[in-house]
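Worth saying up front: this structure is predicted, and the values here are computed from it rather than measured.
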Amino acid sequence: MKSIVSLQFVITRMTSTRTMQTGLAADPGWVWPEKSLDDWSTDETELAALGKAQVEALIDLQFATGEWDDHLARVTEHTRTVVGLGRIRFRKQPAAAALFRSLRTNAKSRATALAQAQAAHDAWAETDAAWTPDEGFTLAGFATAIETLGNLKTAHDRKETAWKAAGHALMSKAVAVDADCVAWYAEAARRFPAGTGKGDAIRETVPTTYRRARKVGAVTLSATVAEDGAARLELAAAGATKFAVWQRSVGAEAWQLVTDAAKPGRLEARNLPPGPHEFKAQGRNARRKGEMSAPVAVVIAAAAAGNQ
């Protein structure tokens, strides 16, 4: 299903629509025939419940993922032990040595790590099932660990399916509610034209469009030294409503955040010690971040710093 641009926007539009419909039902007594006030309230309740269910499903999935990854790390370490020590132990047995040389422990995915563990187990079983690479580490124990890993994968996959189903149910309901809001607005706007009290109230109260936050462009950052020794920064970036600014002072290795809410335009950094100072900035808006700017440098003279 094609998703809505913003679920929160649909909820906002639905709430505004219900509020406006409540007012119109009281005066002049008009209710959209396709949906009662109770129906709008039911939609609000159902969306909230579906949203909660999706969040709970996500939490379950994250927990299952954590359990899987924790056990996977242990199994991967076991795999490395088997392969590493096996190559040493069986180095003088040509067939066994070739078998262990063919094993890999460089998995980049969960599925590959599981396959590599199983391959190490099978090589161990084929060469010497009674061998114990480490104290208390047996072939049977390794097999149990691999089996547990498989069970955790199955549990994870079920949780992932449940999370996707919860998201689909939420979005399906939101799509239906959004379509009702659009149809309600079209009928209400027809009945109450622009320029009338009710018509203008409808148009001002119920949002009809959602605009994505603009992409944040490259930061234009310059720095100069004022007569009082302060560093004056000029900040600008297309689409940015605020800036995060970092400073690296004399003798420092790490950058320090000066502010994460600087407005476009001028920012002054005062009480700087004598010497070179570097600044860099990143433009942001409500939803997006731009790339970090290149550093710019200023040098505060000793006399200027002493005048502060």
Side-chain angles (χ1 to χ4, degrees), residues 3-12 51 54-59 61-70 72-73 76 106-110 113 160 163 167 207 209-308:
S3 64
I4 292 175
V5 173
S6 170
L7 177 62
Q8 186 56 51
F9 173 73
V10 174
I11 293 173
T12 299
Q54 185 194 37
V55 170
E56 290 174 346
L58 176 59
I59 293 172
L61 173 59
Q62 290 172 333
F63 183 78
T65 301
E67 283 194 311
W68 185 15
D69 285 342
D70 287 346
L72 178 64
T76 299
N106 59 345
K108 302 298 183 182
S109 68
R110 297 184 181 96
E160 185 174 43
W163 170 64
T209 60
Y210 171 78
R211 294 183 179 179
R212 285 183 175 272
R214 293 176 59 193
K215 181 178 179 181
V216 178
V219 176
T220 300
L221 174 64
S222 62
T224 57
V225 179
E227 293 181 359
D228 59 2
R232 291 182 178 172
L233 309 179
E234 297 290 338
L235 299 157
T241 58
K242 61 182 179 179
F243 294 84
V245 179
W246 287 265
Q247 174 187 350
R248 183 162 62 185
S249 299
V250 179
E253 294 185 3
W255 289 88
Q256 299 293 325
L257 180 66
V258 176
T259 177
D260 61 359
K263 298 295 184 182
R266 177 173 293 179
L267 174 69
E268 292 196 355
R270 297 183 173 276
N271 301 318
L272 301 175
H277 297 268
E278 289 183 295
F279 297 88
K280 62 182 180 179
Q282 181 186 45
R284 303 177 178 182
N285 57 35
R287 290 179 175 270
R288 309 183 76 168
K289 296 180 180 180
E291 294 183 3
M292 189 72 67
S293 73
V296 298
V298 296
V299 178
I300 303 297
N307 290 333
Q308 297 181 43

Distance, nearest 0.5 Å, that separates [atom1] of [X] from [atom2] of [Y]:
| X | Y | atom1 | atom2 | answer |
| --- | --- | --- | --- | --- |
| Leu257 | Gln282 | CG | CD | 10.0 Å |
| Arg266 | Leu235 | CZ | CG | 11.0 Å |
| Leu221 | Met292 | CG | CE | 11.0 Å |
| Asn106 | Thr76 | CG | OG1 | 11.0 Å |
| Thr224 | Glu268 | OG1 | CD | 9.0 Å |

Quiz item: Do the side chains of Ile300 and Val225 get nearer than 4.5 Å, heavy atoms only?
Solution: yes
My understanding is that only residues two or more places apart in sequence, or in another chain, count here; which of them pass side-chain hydrogen bond (donor to acceptor under 3.5 Å, both in side chains) with [X]?
| X | answer |
| --- | --- |
| Asp260 | none |
| Gln54 | none |
| Ser222 | none |
| Ser249 | Gln247 |

For the residue pair [X] and [Y], what are the closest heavy atoms and their distance?
| X | Y | result |
| --- | --- | --- |
| Pro207 | Thr12 | CG-CG2, 4.3 Å |
| Pro295 | Lys280 | CA-CB, 4.3 Å |
| Ala254 | Arg248 | O-CG, 3.8 Å |
| Arg110 | Leu72 | CG-CD2, 3.7 Å |
| Gly239 | Asn285 | O-ND2, 2.9 Å |
| Ala262 | Leu267 | CB-CD2, 4.2 Å |

Self-check item: Residues which pass ring pair (Phe, Tyr, Trp, His ring centres under 6.0 Å) with Trp68, listed by chain and number, not counting sequence neighbours
Solution: His156
Quiz item: In terms of heavy-atom contacts, does CD of Glu234 have more than 12 from other residues, nucleotides or ligands at under 6.0 Å?
Solution: yes
Quiz item: Take atom CH2 in Trp163; do more than 12 heavy atoms of anything else shown fall under 6.0 Å from it?
Solution: no
Exercise. Enumerate the residue pairs fulfilling salt bridge (charged side-chain N to carboxylate O under 4.0 Å, His left out) with a member in residues 216-226, sequence neighbours excluded, ordered by first and then second residue.
Key: none
Self-check item: Val245 backbone acceptor or donor facing Thr259 side chain under 3.5 Å
Solution: no
